[in-house]
Amino acid sequence: MDRLHTWKLMAAEDILNSPTVRDGWTAVHEAGVRKKAGRVIYELASTMVNPVLRMSIGTAGMAMTFFVRFYSRKSMVKNHPFVMAVASLFLAGKANDEPRSLNRLMTQMLKQWYGRDNPELGELLAHPDRMYELRNTVVDAEEILLITLEFDLNVDILTYALAQFVRDAQKSNVQALAPLSMDVSQAQCKKMCSNIMKWESLLVLQYDARTIALGICHYFLKHGKDIQVPEPGKDGKEWYEEYGLSVDACSDICSKISSANKQAKKAMSKTAKMNREGSAQGIPSASQKQQYSPMYQSREGSPSKKIRLGQMSELDATQSCFTQASQYEHPPSSSQGPGNAGEDDTESLEEGEIR
């Protein structure tokens, strides 16, 4: 590994057998919370919500990498996902030279995570003592995050790896990859990077950034409009194999990209529908009023998410700075804990309480 990288890639079966699953959550439940964290982090970093907190998509990608790495070794049952999402974005901002106020970051993410119209949120924000307690919890969480990451903040950001590969292809004058040099092509590929980090972020635990970038390029060349996929070489190998990407890995990555794009499209359709319904009721849309974000509004007639500050404070702080990384290389195998295995409860997670 180059530079100071110490984080080792994981096998797919070890990723799925996460500490959270071993603690009783279903894989679907865990995925729903992880995707929610991705949406909140990217929405805030983009940001239509509060320009003061705007960060680059590279910082958002770094935050999500921290988030998924943390939960590959720790459990969501013992470490509140909201708290760790705030800590991840706060740390990523500092690591990527885009530091932001923790108080502002925490307040805005509370609104996005739990819904701006949540009656409990107003009560929480009105009590400085409770907010100060939550702030201290996030500070503690950042320390635990650093220890769990073994202080390895050298993350190869996916968008940067993609841009570097395209530049290298241009310098090498590879004609088959020429379509990737167009601005519109790079914009679409960068959008795929964001979709992956929001919807299929576990890929960064299994593959390095350059490998995923190769998969994105192949997916674009294969599915882009009026673009011809490079022909196999004389030895029968695909173009990406010359860069070290195997056929099986490419197929797996492209499958995840397709899934991420479909989920992103579904989320956009859902937001557009809620905007239309809001307009019909006289509620300004997100484009008309930045502070209104339909994606995070509680639906009419649905229960508000409960904000349990005490539960947020229960962090698993048992990790030692001097624990050997080798103990994480082969997580103990375990059957999936109790729960409705296979049931898609992503929607209910957006509406209900984060347990």
Side-chain angles (χ1 to χ4, degrees), residues 1-12 14-15 34-35 37-38 41-42 45 55-73 88-89 91-93 95-98 145 149-172 174 177 180-181 185-221 239-261 264 325:
M1 293 185 180
D2 58 352
R3 296 187 293 171
L4 299 176
H5 286 71
T6 60
W7 198 271
K8 296 184 178 180
L9 298 176
M10 302 172 63
D14 292 336
I15 295 173
R34 183 175 57 250
K35 292 172 184 179
I41 287 173
Y42 269 82
M55 303 181 198
S56 66
I57 57 174
T59 298
M62 180 180 286
M64 272 309 295
T65 301
F66 290 162
F67 186 85
V68 296
R69 284 184 176 183
F70 178 83
Y71 284 115
S72 71
R73 296 183 173 180
S88 296
L89 187 54
L91 178 60
N96 209 33
D97 296 326
E98 292 182 322
L145 176 62
L149 296 177
E150 299 172 9
F151 296 88
D152 181 7
L153 305 183
N154 290 299
V155 174
D156 284 329
I157 300 172
L158 186 52
T159 49
Y160 299 172
L162 174 66
Q164 183 62 52
F165 174 75
V166 172
R167 284 195 296 267
D168 292 344
Q170 288 176 320
K171 290 179 182 178
S172 303
V174 182
L177 303 181
L180 294 172
S181 62
S185 302
Q186 294 185 36
Q188 291 183 34
C189 289
K190 287 180 180 178
K191 186 176 181 181
M192 291 184 204
C193 290
S194 297
N195 288 344
I196 287 173
M197 296 308 298
K198 284 190 280 188
W199 303 100
E200 294 290 346
S201 54
L202 292 183
L203 266 181
V204 301
L205 297 179
Q206 188 175 358
Y207 303 102
D208 59 63
R210 184 179 180 276
T211 299
I212 300 174
L214 281 169
I216 290 173
C217 291
H218 177 68
Y219 185 90
F220 173 77
L221 292 172
W239 71 268
Y240 50 80
E241 292 185 82
E242 298 179 8
Y243 293 91
L245 178 60
S246 68
V247 175
D248 290 341
C250 184
S251 177
D252 183 34
I253 292 171
C254 288
S255 174
K256 295 296 193 303
I257 294 172
S258 178
S259 173
N261 288 342

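Heavy-atom basis, side chains included; hydrogens, waters and symmetry copies ignored. Predicted model, so just to flag it, every value in this text is computed and none were measured. Residue numbers run from 1 in the order of the sequence given.
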* **Side chain proximity check, Met62 to Leu91, heavy atoms < 4.5 angstrom** => no
* To do: Compute the ring centroids of Phe67 and Tyr71, then answer whether they are less than 6.0 Å apart.
  => yes
* **Within-4.5 Å side-chain heavy-atom neighbours: Cys217 and Leu162** => yes
* **Spacing of CD1 belonging to Ile216 relative to NZ belonging to Lys190, to within rounding of 0.5 Å** => 12.0 Å
* Residues two or more places apart in sequence or in another chain: which of them pass side-chain hydrogen bond (donor to acceptor under 3.5 Å, both in side chains) with Ser259? -> Glu200, Gln263
* Asked: Rounded to the nearest 0.5 Å, how far does CG of Leu221 lie from SG of Cys189?
  -> 7.5 Å
* **Straight-line distance of Phe70 CZ to Thr65 OG1, nearest 0.5 Å** => 15.0 Å
* For the side chain to side chain contact (heavy atoms under 4.5 Å, CB included) test, which of Ile157, Ile57, Ile212, Leu158 pairs with Cys193? -> Leu158
* Looking at side-chain heavy atoms only, is the closest gap between Leu205 and Trp7 below 4.5 Å? -> yes
* To the nearest 0.5 Å, how far apart are CG in Leu203 and OH in Tyr207? -> 7.0 Å
* Does any non-hydrogen side-chain atom of Met192 lie less than 4.5 Å from one of Asn261? -> yes
* Asked: Would you say the side-chain atoms of Asp156 pair up with the backbone N or O of Ala209, donor to acceptor, closer than 3.5 Å?
  -> no
* For Ser88 against Phe66, the heavy-atom pair lying closest together -> O-CD1, 3.8 Å
* Asked: Going by atom types only, do Ser56 and Thr59 share a side-chain donor-acceptor pair under 3.5 Å?
  -> yes
* **Side-chain donor/acceptor of Ser258 to backbone N/O of Cys254, under 3.5 Å** => no
* To do: Check each of Tyr240, Tyr243, Phe220 against Phe165 using the ring pair (Phe, Tyr, Trp, His ring centres under 6.0 Å) test, and report the only one that passes.
  => Tyr243
* Output all residues satisfying salt bridge (Lys or Arg N to Asp or Glu O under 4.0 Å) with Asp168, sequence neighbours left out; order by chain, then residue number. => none
* Asked: Do the non-hydrogen side-chain atoms of Asn96 and Leu153 ever get within less than 4.5 Å of each other?
  -> no
* Will you find, in the side chains of Gln164 and Arg167, an N or O donor that is under 3.5 Å from an N or O acceptor? -> yes
* To do: Determine whether Val68 and Arg34 make a side-chain contact, defined as any pair of heavy atoms from C-beta on separated by less than 4.5 Å.
  => yes
* **Heavy-atom side-chain proximity of Arg73 to Glu150 below 4.5 angstrom** => yes
* Structure fact -> dist Leu9:CG -> Gln206:CD (nearest 0.5 Å) comes out at 8.5 Å
* Asked: What is the distance from atom CG of Leu202 to atom CE of Met10, rounded to the nearest 0.5 Å?
  -> 9.0 Å
* To do: State, yes or no, whether a side-chain contact exists between Val204 and Met64 at a heavy-atom distance under 4.5 Å.
  => no
* To do: Mind telling me whether His218 and Trp239 have parallel, tilted or perpendicular rings, with 30° and 60° as the class edges?
  => tilted
